[in-house]
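For reference, the structure discussed in these notes is given below.
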Amino acid sequence: MKVLRVVLPVLAVLAWAAPRIAHADAPHFLAQQGRLLDVAGRPITGTVKIRFALYTQPEGGDPFWMEALDVPLQDGYFAVVLGRTQPIDPGLFDGLPVFLGFTVQDDPEMTPREELVSVPYALVAEDVRGDIHPTSVTVNGTTVIDEQGNWVGPPTGLVGPAGESVVSEAVPVGDAECPFGGVRFTVGGKTTFACNGAPGADGESVTALALSAGDPTCPFGGVQFTVGGQQLFACNGAPGATGPTGATGAMGPTGPTGAIGPMGPTGSTGATGAMGPMGPTGPTGAIGPIGPTGPTGPTGAMGPMGPVGPTGPTGAIGPVGPVGPTGPTGATGPIGPVGPTGPSGATGPIGPVGPTGPTGATGPIGPVGPTGPTGAIGPMGPTGPTGPTGAIGPIGPTGPTGPTGAIGPMGPMGPTGALGPMGPTGPKGATGATGPTGPTGVAGPMGPTGPKGATGATGPTGPAGTTGQDAIAVYGTSTLTLSAGSSFTTVPGLVTNVNVPTNSVVLLTTYGGIQTNGTGTSGYSTVDVAFFVDGATPANGAYQRLIASNTSAISGAFAYWSMQSVLTLSPGVHTISVQAKVTGGSSASIGGDNTTVLQPELDVVFLKL
């Protein structure tokens, strides 16, 4: 099994004590959390065997402690406690470097080994729970407290320089850096994450009881911890007598930065302060330069056609251009009206068509005689085979046109013959009716911007606007549980009545979470969330659909909504709410109070125009 790892080491030192004993020798444990990924970066699931080993060197050598465990993985995450089956001797952490190695299944040991720093060496500091009893205290070879307990160090101050400020921020579940949530710390421009590990198996409950001064076990007070029926005491030491103020010692080197403590609970939001009076309107600033011309907008709808103007004089006929290639034959147009039929002569029967002989050379065309009356068109006989096309002779003068006979049925289209020479241009016919307007051509490039016109006179002052702006925030108060097919229902706590001032718009903002009640890897819930104003949804936007879907590693999956909408409402009182309904899958839990990560919020802000 080829794996990668991301490891977050944590050291836990526990001292188990019998009743009435402040501390005692006990097993020491090393808590280790991490995540296993395969070579493609995918989380590994199931149970794998991991061998943990401690070394005194970063590579090579033999371990001085080793323990193998069957470790269950959840989406690749694991959390184990080392030292339960193979106790860890705290005396091994004597200040020299110690490195932790990992071996998964039959794979080679992972590289590089992980150096244990800071916290693991606290294994040798157990006695600080009660009295400490050194014979003397020496720093960098210099004795600062002698065997009599007297300060004998340098006479300068011992106060170190001020540390950098630390800004902490809670990281929600689902964050890319901390999938299970945690805390983001910013120290001197550098960001550090303290991530929660994957949920582990339920541990034993711990009960803490404060002990006051005079307790038999902790005469100076402390805390009693009860874990699985056993007791652990953290006792305060006896207050020492105040000695005389010594001379200010020399400033010692800056110690290592201590571990970051857990984040305290978030304080409640303070009440919104009253809106201050609006300051006087400042003078109007100078008009800024005209910005660059924006992109050309879409072509507007075609306007009605104007009246046809008078026909201009006909221009001179230009030279005839070269004949282009013959285009495809267009669709046959409708048949025009039938002209008056001339007198028809009697039509004799048509004999059978004989085979076509070879075409002889075409002789000169004689003058065209007058056209006689057109006889009735007889039935069309079968078409004989087409002979070779003869050479085209010169075109004779056109004779007068006879009356048009009735149009017979159209015969099959013969092959296109060779194009003859173009005849002289006939006289110009009467101008036909104007055809329909063709499609709009591509817009030409925009011309240069004209010079700026003179500034117009200042208009009259408009009516006075409303005074100031305001904002309202409401929060979820309880969880709403809905089943599939339910209608829109107000999320508990997310409803408020507002008085909209004149000349303003309303900015609505909401966020919150849902959790599917479906079980198994295929469980899911589809939930719609929307703004409602006076019982109806706005015409545009203000509507989202969420899907909370379980996976092989997570049951009871979460999903969160977050949306905004800007509305123009009539002045006066309006009811604004956030409502939800389940449109598919299992039932869902929507929102909640301030004890759950699903608690929603609705903000209403009035913006003066």
Side-chain angles (χ1 to χ4, degrees), residues 3-13 29-45 50 52 58 71-82 97-102 104 110-122 162-203 254-267 511-513 515 548 551 553-554 556-560 562 594-599 601:
V3 297
L4 305 173
R5 83 172 189 274
V6 179
V7 179
L8 304 174
V10 178
L11 181 69
V13 182
F29 307 121
L30 179 66
Q32 190 71 18
Q33 300 176 355
R35 192 182 194 192
L36 291 181
L37 308 174
D38 61 18
V39 292
R42 296 184 296 265
I44 298 174
T45 59
I50 304 178
F52 301 87
V71 180
L73 304 176
Q74 185 178 26
D75 195 29
Y77 289 97
F78 68 86
V80 296
V81 177
L82 306 181
V98 175
F99 300 87
L100 178 62
F102 297 81
V104 179
M110 293 184 179
T111 58
R113 294 170 182 166
E114 181 178 329
E115 183 177 5
L116 302 184
V117 295
S118 279
V119 176
Y121 292 109
E164 296 178 315
S165 62
V166 178
V167 178
S168 61
E169 179 182 3
V171 176
V173 175
D175 182 79
E177 294 289 344
C178 297
F180 297 96
V183 182
R184 179 188 297 107
F185 298 94
T186 303
V187 183
K190 181 179 180 181
T191 300
T192 303
F193 291 88
C195 299
N196 298 332
D202 293 338
T254 302
T257 302
I260 298 173
M263 176 179 288
T266 302
Y511 65 85
Q515 182 178 20
T551 67
I554 299 177
F558 292 170
Y560 292 88
S562 177
N594 60 2
T595 64
T596 172
V597 296
L598 302 179
Q599 185 182 30
E601 180 177 348

Inset, instruction - Report the relative orientation of the aromatic rings in Phe52 and Phe78; use parallel for angles under 30°, tilted for 30 to 60°, perpendicular for over 60°. - result: tilted
Inset, instruction - Indicate yes or no: at least one non-hydrogen side-chain atom of Leu100 is less than 4.5 angstrom from one of Gln32. - result: yes
Inset, instruction - Step by step, work out the side chain to side chain contact (heavy atoms under 4.5 Å, CB included) result for Phe99 and Leu116. - result: CA-CA 6 Å; Phe99 300 87; Leu116 302 184; over 6 Å; no
Legend entry - Inter-residue atom distance Arg184.CZ - Asp175.CG, 0.5 Å rounding: 6.0 Å
Inset, instruction - Evaluate the side-chain proximity of Pro58 to Glu115: yes if any heavy-atom separation is below 4.5 Å, no if none is. - result: no
Legend entry - Interatomic distance, Ile50 atom CD1 to Leu73 atom CG [nearest 0.5 angstrom]: 6.0 Å
Inset, instruction - Could you grab the distance from atom CZ of Arg35 to atom CZ of Phe180, nearest 0.5 Å is fine? - result: 7.0 Å
Legend entry - Inter-residue atom distance Arg113.CZ - Phe102.CZ, 0.5 Å rounding: 12.0 Å
Legend entry - Nearest heavy atoms of Ile44 and Asp38, plus distance in Å: CG1-N, 3.9 Å
Inset, instruction - Might you point out which heavy atoms bring Ala548 and Ala557 nearest each other, and give the distance in Å? - result: CB-O, 3.5 Å
Inset, instruction - Considering non-hydrogen atoms only, spot the tightest contact between Ala198 and Tyr77 and give its length. - result: CB-CB, 3.0 Å
Inset, instruction - Report the distance from atom CG of Leu36 to atom CE of Met110, rounding to the nearest 0.5 Å. - result: 5.5 Å
Legend entry - Interatomic spacing from OG1 in Thr45 to CG in Asp75 - rounded to 0.5 Å: 8.5 Å
Inset, instruction - Mark yes or no for whether Gln515, through its side chain, and Phe558, through its backbone, hold a donor-acceptor pair below 3.5 Å. - result: no
Inset, instruction - State, to 0.1 Å, how close Cys178 and Val171 come at their nearest heavy-atom pair, and which atoms those are. - result: CB-CG1, 4.0 Å
Inset, instruction - Heavy atoms only: give me the nearest Gln599-Asn594 pair and the separation to one decimal. - result: OE1-CA, 3.2 Å
Legend entry - Nearest atoms (heavy-atom pairs only) where Gln33 meets Ala79: CG-CB, 4.0 Å
